[in-house]
2 protein chains.
Amino acid sequence: MLDIAEVARSGGLPASALRYYEEQGLITSIGRRGLRRLFEPDVLMRLSLISLGQSAGFSLTEIAGMLGAAGVPKIDREQLGQKADELDGKIRELTALRDGLRHVMTCSATSHLECPTFQRIMRVAVTRHVARRQHPARKRTGRK
Amino acid sequence: MLDIAEVARSGGLPASALRYYEEQGLITSIGRRGLRRLFEPDVLMRLSLISLGQSAGFSLTEIAGMLGAAGVPKIDREQLGQKADELDGKIRELTALRDGLRHVMTCSATSHLECPTFQRIMRVAVTRHVARRQHPARKRTGRK
DNA sequence: CTGGCACTTCAAGCCAACTTGAGGTCAAGA
DNA sequence: TCTTGACCTCAAGTTGGCTTGAAGTGCCAG
């Protein structure tokens with residue numbers, strides 16, 4: 001059993017964030033010592049996954065969905081597959097974007113927007129991206 | 001020359017967003033017809049790149065930096081390399097995350113947090129991720 | 001038993017990225 | 001010429017993900 005300060009320290013985020021996550025149902029405290037929340041060590045793994053999910057561009061709500069509301073993995077397999085496919089698309093975009101950046105570093109066209117190699121690289125990413133914008137896999141709150 | 005409505009239509013985003021982007025220096029209108037902004041067709045490519053950058057998790061400010069403030073690609077090569085490296089890391093994380101999701105779909109351990117295969121897959125992503133959180137490549141406004 | 005300090009709650013604030021609304025302008029068609 | 005409707009500006013509102021501040025509580029040290 002870890003108290004909130006320990007979780008905060010090992011998890012690398014402020015206690016306020018932990019309270020917020022609990023409020024949002026992303027983590028659960030397993031009891032109290034006095035006022036202080038107590039967590040199982042498990043929560044650290046969960047925090048890592050949350051952080052990972054965030055950096056993958058998912059909202060806390062979506063992450064809550066993937067993790068299962070209360071530690072229970074009541075996750076819908078089909079939905080998971082969808083997420084995985086979304087990630088595939090994103091990965092390909094990022095790869096193209098990265099290649100684009102690397103190309104710009106070494107190519108010395110005055111305007112990269114006119115460099116054919118750059119255009120070719122970017123066209124891949126952009127068309128994929130636009131396609132996904134037209135058919136959003138599921139509701140997205142903010143504009144992508 | 002495209003008027004704002006045409007850009008909005010082809011670019012797939014509302015005119016309000018275009019005005020906002022201009023205000024933020026991400027795009028430039030090349031004149032007015034009456035009150036109405038006019039843009040060069042170039043702006044469409046720029047918009048795609050902006051959208052792409054956003055989906056890669058960069059802020060509008062960072063994107064402005066990469067694109068060069070005013071169409072000029074006054075981009076610092078070293079900084080670009082850094083961005084590319086960041087993307088590499090992110091790509092590896094997303095790949096692991098995707099594998100994790102696909103695994104969860106097919107593995108029927110009652111709690112995935114206890115399934116060793118899942119743990120192995122996730123450990124890769126998580127450790128990379130945590131490492132990057134400890135040494136943030138550069139200032140990040142929002143918490144990752 | 002008495003502090004003190006780290007925790008607690010709750011409300012309000014903050015930033016990014018836009019959107020919405022009120023009130024204004026102006027080119028183009030009838 | 002005169003209307004009309006799509007644009008304009010500027011201020012304020014919205015959402016997500018937290019942080020901050022004020023006021024309270026309770027374990028542990030002394």
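Everything numeric in this text was worked out from a predicted model, so none of it was measured. Proteins get letters first, then strands, A, B, ... in listed order; numbering begins at 1 in each.
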For this session: Kindly state each residue pair satisfying salt bridge (charged side-chain N to carboxylate O under 4.0 Å, His left out) with at least one member in residues 7-34 of chain A, sequence neighbours excluded.
Result: A:Glu22-A:Arg37
Taking only side-chain nitrogens and oxygens of [X], does any of them come within less than 4.0 Å of OP1 or OP2 of [N]?
X	N	answer
A:Gln54	D:dC18	yes
A:Arg32	C:dT9	yes
B:Tyr21	C:dC18	yes
B:Ser16	C:dC18	no
A:Arg37	C:dT8	yes
B:Arg33	D:dC8	no
A:Arg19	C:dT8	yes

Identify which nucleotide among [options] has an atom closest to any side-chain atom of [X], counting heavy atoms from C-beta outward.
X	options	answer
A:Tyr20	C:dT19, C:dC18, D:dG17	D:dG17
B:Ala17	D:dT19, C:dT25, C:dC18	C:dC18
B:Leu35	C:dC7, D:dG17, D:dC8	D:dC8

Problem set entry | Side-chain donor or acceptor of A:Arg36 paired with backbone N/O of A:Ile4 under 3.5 Å | no
Problem set entry | Lys/Arg-Asp/Glu bridge criterion (N-O < 4.0 Å) met for B:Arg102, A:Asp88 | yes
Seminar exercise, completed: Result for side chain to side chain contact (heavy atoms under 4.5 Å, CB included) between B:Leu47 and one of B:Asp42, B:Leu52, B:Ile27 points to B:Ile27
For this session: Report the residue (A:Ala15 or B:Ile50) whose heavy-atom-nearest nucleotide on DNA chain C is the more 5′ of the two.
Result: A:Ala15
For this session: Provide, to the nearest angstrom, the distance between the CD atom belonging to B:Glu23 and the P atom belonging to D:dC10.
Result: 9 Å
